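Here's the structure we're looking at; comments come further down.
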Amino acid sequence: VSTLQGFKLNAEDAIHIVDSFNEVANRMPIDSVGIGEALQRSASSMYAAGNTLEETIGLVTAANAVVQDPDSVGTAYKTISMRIRGAKTEMEQLGLETDGMVESTATLQKEILALTGVDIMQDENTFKSTYAILDELATKWSNLTDIQQASVTELIAGKRQGNIVSALMNNFEMARESTQIAVDSTGSALREQENYEKGIQYSLDRLSASWQEFSNHFLDSSFIKGIVDFGNTTINVIDKVTSALGSLGTIGIIGGGILGAKNAGKCRMSVRISNCFEYALHA
């Protein structure tokens, strides 16, 4: 839901989100939960910075393959996208790192261009998407000096998120591949569901669900209520008989039952028991 809302998608697009998560998780070293956690923290910011759902999934997958921490990856992309666009006030409100941010877009553009030859602007008034900027940086990364790499990393990510940028720059081919997998993922979830339904686990799950439904109905039925009511009545009768007979009478009931099983015709206590039960039932 957060991904759907973050990328301003319609309800009918929900199945594409499921397909994208599922197919990338099937083929890349990340699971659907990890993708979801990262996008929950970054979807809105990445959308505002001009990135598509598929591009964001690609970036998340490539970085997480190295750091194995979807929460940190999601926070990093939120930070990177907002630092590049100079959203310092918003970042401060969100508690994100703003140390080392340049004061203007023009200054950031000039510094990154001088360090790498990459322009963060599409034209005078339009930023390139975060994905496009990082893709261009990745193609030049191996040719940069350590000092240049460190300077660019701090400019766009700050000191805390530097490891995410380094992981991405050295693994950007996975970002490209994962992005394309997400684009081509239509029908992935449905195909997997169909295969699942053919398996034994589906049959076992259906049996379990059917039993659960039966149990719920059974426990709610009048049959169970009748058993409970009968039990209450029986206990009340025994209580009244016990009160009438006292402890000796109780022993007599038990003894009479045993004796009656052996020699029903010789048990005088049976008369007393019968009279007591009749008394209790009419009391």
Side-chain angles (χ1 to χ4, degrees), residues 1-9 17 20-21 24-25 28 30-105 108-109 112 118 120-122 126-138 150-172 174-176 178-179 182:
V1 172
S2 61
T3 300
L4 195 72
Q5 294 175 340
F7 284 97
K8 308 298 185 209
L9 300 172
I17 295 175
S20 299
F21 282 25
V24 172
M28 291 295 171
I30 192 171
D31 58 22
S32 297
V33 174
I35 298 173
E37 289 175 348
L39 264 64
Q40 186 174 11
R41 288 158 178 75
S42 62
S44 296
S45 298
M46 292 297 280
Y47 174 77
N51 303 283
T52 66
L53 166 67
E54 295 84 359
E55 289 171 343
T56 305
I57 291 174
L59 293 174
V60 164
T61 302
N64 193 71
V66 179
V67 301
Q68 293 295 302
D69 187 349
D71 289 353
S72 295
V73 169
T75 300
Y77 284 124
K78 178 189 287 188
T79 301
I80 292 168
S81 62
M82 296 179 78
R83 283 179 74 99
I84 290 175
R85 296 171 70 83
K88 186 173 183 178
T89 301
E90 295 176 31
M91 292 181 67
E92 289 174 340
Q93 292 173 347
L94 293 171
L96 299 175
E97 182 183 3
T98 59
D99 293 346
M101 282 186 68
V102 297
E103 295 300 322
S104 68
T105 297
L108 180 63
Q109 178 188 22
I112 292 180
V118 174
I120 64 172
M121 302 298 292
Q122 184 174 316
T126 310
F127 285 96
K128 291 177 182 176
S129 70
T130 312
Y131 182 93
I133 293 169
L134 294 173
D135 193 354
E136 290 184 41
L137 285 174
S151 298
V152 172
T153 297
E154 186 168 353
L155 282 170
I156 67 174
K159 294 179 180 179
R160 298 179 193 171
Q161 311 299 343
N163 63 321
I164 304 296
V165 173
S166 297
L168 177 67
M169 291 295 102
N170 293 306
N171 199 33
F172 206 89
M174 181 178 287
R176 299 185 185 105
S178 299
T179 298

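All values reported here derive from a predicted model rather than from experimental measurement.
- Rounded to the nearest 0.5 Å, atoms OG1 (T75) and CD1 (I80) are 11.0 Å apart.
- Applying the side chain to side chain donor-acceptor pair (under 3.5 Å) rule to pairs touching residues 84-94 yields nothing, sequence neighbours excluded.
- For the side-chain hydrogen bond (donor to acceptor under 3.5 Å, both in side chains) test, residues two or more places apart in sequence or in another chain that qualify with D135 are R176.
- Annotation: the span from T179 atom OG1 to M174 atom CE amounts to 11.5 Å, rounded to 0.5 Å.
- Residues P70 and N64 share a closest heavy-atom pair of N-OD1, 3.1 Å.
- Residues that satisfy the side-chain hydrogen bond (donor to acceptor under 3.5 Å, both in side chains) test with S20, not counting sequence neighbours, are H16, S185.
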Between S72 and V67, is the side-chain contact (heavy atoms from CB on, under 4.5 Å) condition met? List the steps.
CA-CA 9 Å; S72 295; V67 301; 5.8 Å; no

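- Looking at heavy atoms from C-beta onward, Q122 lies out of side-chain contact with F127 at the 4.5 angstrom threshold.
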Donor-acceptor pairs are to be reported for all side-chain atoms of residues 44-51 against protein atoms at under 3.5 Å, with residues two or more places apart or in another chain.
{"from": "N51", "atom 1": "OD1", "to": "T130", "atom 2": "N", "distance (Å)": "3.1"}
{"from": "N51", "atom 1": "OD1", "to": "Y131", "atom 2": "N", "distance (Å)": "2.8"}
{"from": "N51", "atom 1": "ND2", "to": "M46", "atom 2": "O", "distance (Å)": "2.8"}
{"from": "N51", "atom 1": "ND2", "to": "T130", "atom 2": "OG1", "distance (Å)": "3.1"}

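- Atom CD1 of residue I57 and atom CE of residue M28 lie 12.0 Å apart, to the nearest 0.5 angstrom.
- A salt bridge (Lys or Arg N to Asp or Glu O under 4.0 Å) check over residues 45-59, counting only residues at least two apart or in different chains, returns nothing.
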Would you be so kind as to tabulate the donor-acceptor pairs closer than 3.5 Å made by side chains of residues 96-104, with sequence neighbours excluded?
{"from": "E97", "atom 1": "OE1", "to": "K159", "atom 2": "N", "distance (Å)": "3.4"}
{"from": "E97", "atom 1": "OE1", "to": "R160", "atom 2": "N", "distance (Å)": "3.0"}
{"from": "E97", "atom 1": "OE2", "to": "K159", "atom 2": "N", "distance (Å)": "3.0"}
{"from": "S104", "atom 1": "OG", "to": "T107", "atom 2": "N", "distance (Å)": "3.2"}
{"from": "S104", "atom 1": "OG", "to": "T107", "atom 2": "OG1", "distance (Å)": "2.8"}

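- Scored by the side-chain hydrogen bond (donor to acceptor under 3.5 Å, both in side chains) test, K78 finds no partners at all (sequence neighbours excluded).
- Residues F7 and I17 have side chains not in contact (no heavy-atom distance under 4.5 Å, counting atoms from C-beta outward).
- The closest side-chain heavy-atom distance from V66 to N163 is not below 4.5 Å.
- Pairs engaging residues 58-71 under the salt bridge (Lys or Arg N to Asp or Glu O under 4.0 Å) rule: R41-D71 [sequence neighbours left out].
- With sequence neighbours left out, the side-chain hydrogen bond (donor to acceptor under 3.5 Å, both in side chains) criterion links Q109 to D119.
- The distance from the CG atom of L53 to the CG atom of L9 is 6.5 Å, given to the nearest 0.5 Å.
- Checked by atom type and distance alone, the side chain of Y77 pairs as donor or acceptor with a backbone atom of L59 at under 3.5 Å.
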T153/M169 under side-chain contact (heavy atoms from CB on, under 4.5 Å): CA gap, chis, key distance, verdict
CA-CA 10 Å; T153 297; M169 291 295 102; over 6 Å; no

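- For A76, the side chain to side chain contact (heavy atoms under 4.5 Å, CB included) partners at least two apart in sequence or on another chain are Q161, I164.
- Expressed to the nearest 0.5 Å, how far CG of L155 lies from CG of L108 amounts to 6.0 Å.
- If you take CD1 on I133 and CD1 on I156, they are separated by 8.0 Å, rounding to the nearest 0.5 Å.
- For E136, the salt bridge (charged side-chain N to carboxylate O under 4.0 Å, His left out) test picks out K128, with sequence neighbours left out.
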